[in-house]
There are 2 protein chains.
Amino acid sequence: MSKTNNVLLGFPTSPFCARVKLALAEKGVDYEEREEDLFGGKSELLLKSNPIHQKVPVFLHDGKPLLESSIIVSYLDEVFTSNPLLPTCAYERAQARFWTDFIDKKVFETMRGIWLSKGGEEQEVAKKDFIEILKQLEEALGEKDFFGGDSFGYVDVIAIPLTTWFLACEKFGAFKVEDHCPKITAWIKRCFQKPTVVKSLPHPENVYQFTTQLRQMHGL
Amino acid sequence: MSKTNNVLLGFPTSPFCARVKLALAEKGVDYEEREEDLFGGKSELLLKSNPIHQKVPVFLHDGKPLLESSIIVSYLDEVFTSNPLLPTCAYERAQARFWTDFIDKKVFETMRGIWLSKGGEEQEVAKKDFIEILKQLEEALGEKDFFGGDSFGYVDVIAIPLTTWFLACEKFGAFKVEDHCPKITAWIKRCFQKPTVVKSLPHPENVYQFTTQLRQMHGL
């Protein structure tokens with residue numbers, strides 16, 4: 001397949017774009033990456049492809065737009081069947097979708113309450129919620145190496161990019177995830193032994209710099 | 001399959017429980033329905049099956065709990081292959097999941113801003129948002145009979161139960177959906193010609209009575 005048939009409209013520090021990059025790397029699919037100017041002007045292609053939400057990631061597969069990172073990863077897993085991510089058992093697939101939904105509803109918004117905060121009571125509540133969410137994820141992980149079991153799977157692709165925002169939360173929230181969540185910390189280290197993870201995800205320091213700029217934009 | 005192997009923990013006016021009932025009716029699957037006492041005390045089975053969210057619907061398939069209505073409907077479609085709901089084409093399936101995500105994020109919460117409101121500016125904003133959301137859904141429907149195309153499909157199962165809450169919104173918000181959204185209105189009538197829809201969904205008058213009680217509980 002020609003590289004230019006597949007285009008990812010993305011943004012460097014977005015954990016949602018990183019999910020799509022990681023799934024594409026796991027599947028060995030070539031694509032062209034175009035960085036969107038989210039604060040200046042979004043491209044015509046982005047606005048045309050995602051008129052409802054007008055946000056990244058958009059993945060154009062042979063020109064056809066796919067939207068919402070979790071849905072894009074699921075689509076890629078259905079279309080590119082090598083190196084399967086979702087479980088083959090329907091019940092386990094439903095459980096993977098449940099944890100994806102849980103992560104999508106909870107993690108990013110709760111982290112925002114930590115790094116985009118003046119501190120004080122509000123930030124303490126967000127930190128408490130965040131640790132609680134991670135502990136629930138630790139229970140889902142159990143004694144497995146990955147959320148996918150013995151091998152890296154769908155929920156791992158969904159979850160690991162969000163961990164690149166942990167450093168920013170830790171710096172602005174003055175705490176360490178590893179002090180509370182040893183299993184999640186070990187899982188992160190395990191994931192980062194995979195070259196596909198290393199090459200697809202933003203560096204936590206870059207995310208931290210980006211959140212610093214966002215805080216300034218919000219007058220913090 | 002014995003009826004008692006499949007149990008739905010539900011609530012009569014819940015549009016999310018109605019999705020599961022409707023999918024089960026479309027698939028011709030027998031099950032036992034148990035009404036939860038959401039305001040008194042939830043059953044041990046509910047709390048054990050859904051410890052994270054502690055909410056209905058829960059569908060126990062041969063004793064194994066499935067959670068989150070959209071995910072349950074997707075699971076049922078994978079396991080009971082007669083009368084397929086999701087499209088066979090991966091791209092169309094991704095689009096169906098996109099609109100499901102859109103509906104899940106927007107419709108119920110926006111309706112809540114209408115029926116659970118003192119009126120005034122806040123309610124006007126919610127009404128405007130609600131009509132805008134329905135117009136976006138009308139564009140997705142286009143000239144098709146159903147969101148699924150010629151036949152009733154996954155997005156129809158996801159969306160139609162929510163329309164049983166329209167009457168409550170119209171009464172408390174003093175407007176008529178049909179004055180703004182003729183295509184959605186025609187689609188609702190088309191769906192209600194199906195016996196599976198009629199038998200699975202709460203009656204709008206019952207939903208209206210229920211919202212009246214909820215308003216009283218909120219001191220409105």
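Below, chains carry the letters A, B, ... as their sequence lines are ordered, and counting in each starts from 1. Note that the structure is predicted; figures quoted are calculated from it, not measured.
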Peer 1: So which of B:I52, B:V79, B:L66 has the biggest tally of heavy-atom pairs under 4.5 Å with chain A?
Peer 2: B:I52
Peer 1: Measure B:P65 against the heavy atoms of chain A and call it side chain, backbone, both or neither at under 4.5 Å.
Peer 2: both
Peer 1: With 3.5 Å as the limit, can you list every donor-acceptor pair between chain A and chain B, backbone and side chains included?
Peer 2:
unit_1	atom_1	unit_2	atom_2	d
A:P65	O	B:Y91	OH	2.8
A:E68	OE1	B:K105	NZ	3.4
A:E78	OE1	B:R93	NE	3.1
A:E78	OE1	B:R93	NH2	2.6
A:E78	OE2	B:R97	NH1	3.2
A:Y91	OH	B:P65	O	2.8
A:R93	NE	B:E78	OE1	3.0
A:R93	NH2	B:E78	OE1	2.6
A:R97	NH1	B:E78	OE2	3.1
A:K105	NZ	B:E68	OE1	3.4

